[in-house]
Amino acid sequence: MLRINEISKTFDRGSVNEKRALHRISLSLDEGEFVTVIGGNGAGKSTLINCIAGIHQVDTGSIILDGMDITFSPEYKRSRMIGRVFQDPLLGTAFDMTIAENLAIAWAKGKSHGLTAGITRADLALFRERLALLDLGLEERINQKVKLLSGGERQALTLLMATMARPKLLLLDEHTASLDPAIAKKVLYLTSKFVSEEKLTTIMITHNMKAALEYGSRTIMMHEGEIILDLAGEERAEMTVERLIKYFESRSGTRLENDRLLLA
Amino acid sequence: MMNLATVISSVELGVIYALMALGVFISFRTLNMPDLTVDGSFVLGAAVSAVLCTAGHPIMGIVLALAAGALAGGVTALLHTWLKIQPILSGILTMLALYSVNLKVMSNRANIPLLNQKTIFSLPEWVPGSDYAALAVSSMVLLAVMLLLYLFLKTKAGLVLRATGDNEQMVRALGVSTDLTKFIGLVLANALVALSGALIAQYQSFADVGMGIGMVIIGLASVIIGEAVFGTANLLRRLMAVILGAILYRLVIAFALELGMPPTDLKLISAVIVCAALSIPAVKEKFSVLRNKISAARGSKEVSL
Ligand SMILES: Nc1ncnc2c1ncn2[C@@H]1O[C@H](COP(=O)(O)OP(=O)(O)OP(=O)(O)O)[C@@H](O)[C@H]1O
Ligand SMILES: [Mg+2]
């Protein structure tokens, strides 16, 4: 489904701030595969996802999604095939618009945005049905503005919006990192529910090692712009958080004690 | 107090300027973009309208003014989205360029008088001998525009336009080009501004190359006054608030003139009104901090006593 061939990305090339964020990364995902990504601060995890989404252009290499070369296509065009949930709950929704209006834009994704009615009665019924899946009571608040929702409710809504018009690829960048533990758990649960029900090809960045091993079918670890570990199958099933941390420390030569990777 | 004729002419002006205020509402509020093209596109509309009036085509003048305004908005949008120039600077650049363009349109005259020319306000002989012809014509145009704008903002395209002002990142993540939505928004906004200028020229019977100075501030003042007085509960309410704000602004100005304020102070007053309205949140904040400080000081005194 997704094939990334040797992509590299260096920020501010040629300046004193030059920073190599990705170094010849290759990664292939089969249809329906759910990969979790871990790594220390500045490892390049977000950059990888942002390159796939088209927020950043890669310097070299190519990105093929569902047989289409999207290396040079603009962000908004790729988005028609890609669903995204950001770390910041403010980024996923239009805060001064209602839940229904937000959903209507997500629902229209990839279809032509014409001068047709923004929200029809049938749309509203469908939106209520979908919102009920979140089990947060949002279906009763469908005409409220999003700015009245909590961070967790917004992330759940963004997740729904990202998966509503079934994407070929779902990208999640620490989408539960800024939430309280209880609601974070809920959003994570909803994520795995939607992903498994719809068999979505998914990449999820997380700082929670336990979640990284628990969710999905494959885990990759990044360090200084490279993939230093790619776990799947039995090897992954036998992996523990402790061993994963040891491995990271031996490969990176840094202690993890103060890193938020430990804040599992 | 103001006499009836003054009130009526203020309302007439307010109704025509409301079109411009709706344009400012689209760029500043809906797109959340400080578009300064307005000062230029208003005059552009007036110039095109006046030139065609002198050629005997008042209605064609209005239509072409609308198109010219749209073009000006498009230029600003492209400066911003293609060439990545900051929105505020893009608007200023277009506005500056329009100063020359407007003079060209007016054949290098600073002023085109329209005395004894046929205008759309003199056309409707179906309102025989009425004093309200101008009001009727401009109200009809305004109502049609408001209705169309309302319906448009309720369509899918309209939703995405509103979302662009809220959260560009989200709009792109949902598969829509924000370059395109900004283009559409600025085209629409400046078309309305030029329409307003076109009507003002025919209403006042002249176009002047300097008539757009401070127009964006007047538009903003109308929007802010409208929001403060009439609220922002829903979309229809917001559009009406802008219109009523524009009319209220004209009445306030007329009242100030009546009280003996020299007309040359108008721009100063406009600036002060907008300043005051924009600073309300900051002033409120300062007051509440001050209150807290005072009560904290009182509290500590009681403890030390
Ligand atoms: N837009 C940018 N401009 C310049 N440098 C950037 C930019 N984005 C990221 N970087 C740099 O690239 C490197 C990789 O950053 P990235 O955000 O991908 O890390 P990450 O693995 O997501 O880390 P974290 O766990 O902190 O989110 C960092 O050194 C970062 O400072
Ligand atoms: Mg990151």
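All values reported here derive from a predicted model rather than from experimental measurement.
The shortest side-chain heavy-atom distance between R162(B) and E101(A) falls under the 4.5 Å cut-off. Inter-residue side-chain proximity for F86(A) and Q169(B) is flagged as met; some heavy-atom pair is nearer than 4.5 Å. The shortest distance between side-chain heavy atoms of L115(A) and F152(B) falls below 4.5 Å. Proximity of V176(B) to Y76(A): side-chain heavy atoms (C-beta onward) are nowhere separated by under 4.5 Å. The shortest distance between side-chain heavy atoms of I119(A) and L159(B) falls below 4.5 Å. Contact of the M97(A) side chain with the D166(B) side chain is registered, since non-hydrogen atoms from C-beta on lie closer than 4.5 Å. Put simply, the side chain of N102(A) reaches to within 4.5 Å of the side chain of M170(B), judged on heavy atoms.
Annotation for I59(B): atom CD1 does not count as buried by contact number, only 12 or fewer foreign heavy atoms lying within 6.0 Å. For R3(A), the CZ atom is loosely surrounded, since the number of other residues' heavy atoms within 6.0 Å does not exceed 12. Remark: Y189(A) OH is loosely packed, at most 12 non-hydrogen atoms of other residues, nucleotides or ligands lying under 6.0 Å away. Counted within 6.0 Å of NZ on K286(B), heavy atoms from surrounding residues, nucleotides or ligands total 12 or fewer; the atom is thus considered open. Around the NZ atom of K193(A), the shell of radius 6.0 Å holds more than 12 heavy atoms that belong to other residues, nucleotides or ligands. Within a 6.0 Å radius of CD in Q86(B), other residues, nucleotides and ligands contribute 12 heavy atoms or fewer.
Looking at every heavy atom in both residues, L174(B) comes nearest to K109(A) through O-CG, 3.5 Å.
Distance alone, capped at 3.5 Å, is enough to place a donor-acceptor pair between the S79(A) side chain and the R172(B) backbone. Panel note: side chain N167(B), backbone F95(A); no donor-acceptor pair is recorded below 3.5 Å.
For I55(A), the part sitting under 4.5 Å from any heavy atom of chain B is the side chain, from C-beta outward, and nothing else. Only the backbone of A117(A) comes within less than 4.5 Å of a heavy atom in chain B; its side chain stays farther off. Neither the backbone nor the side chain of T158(A) comes within less than 4.5 Å of any heavy atom in chain B.
With chain B as partner, the option from G92(A), A162(A), P167(A) having the largest number of non-hydrogen pairs under 4.5 angstrom is G92(A).
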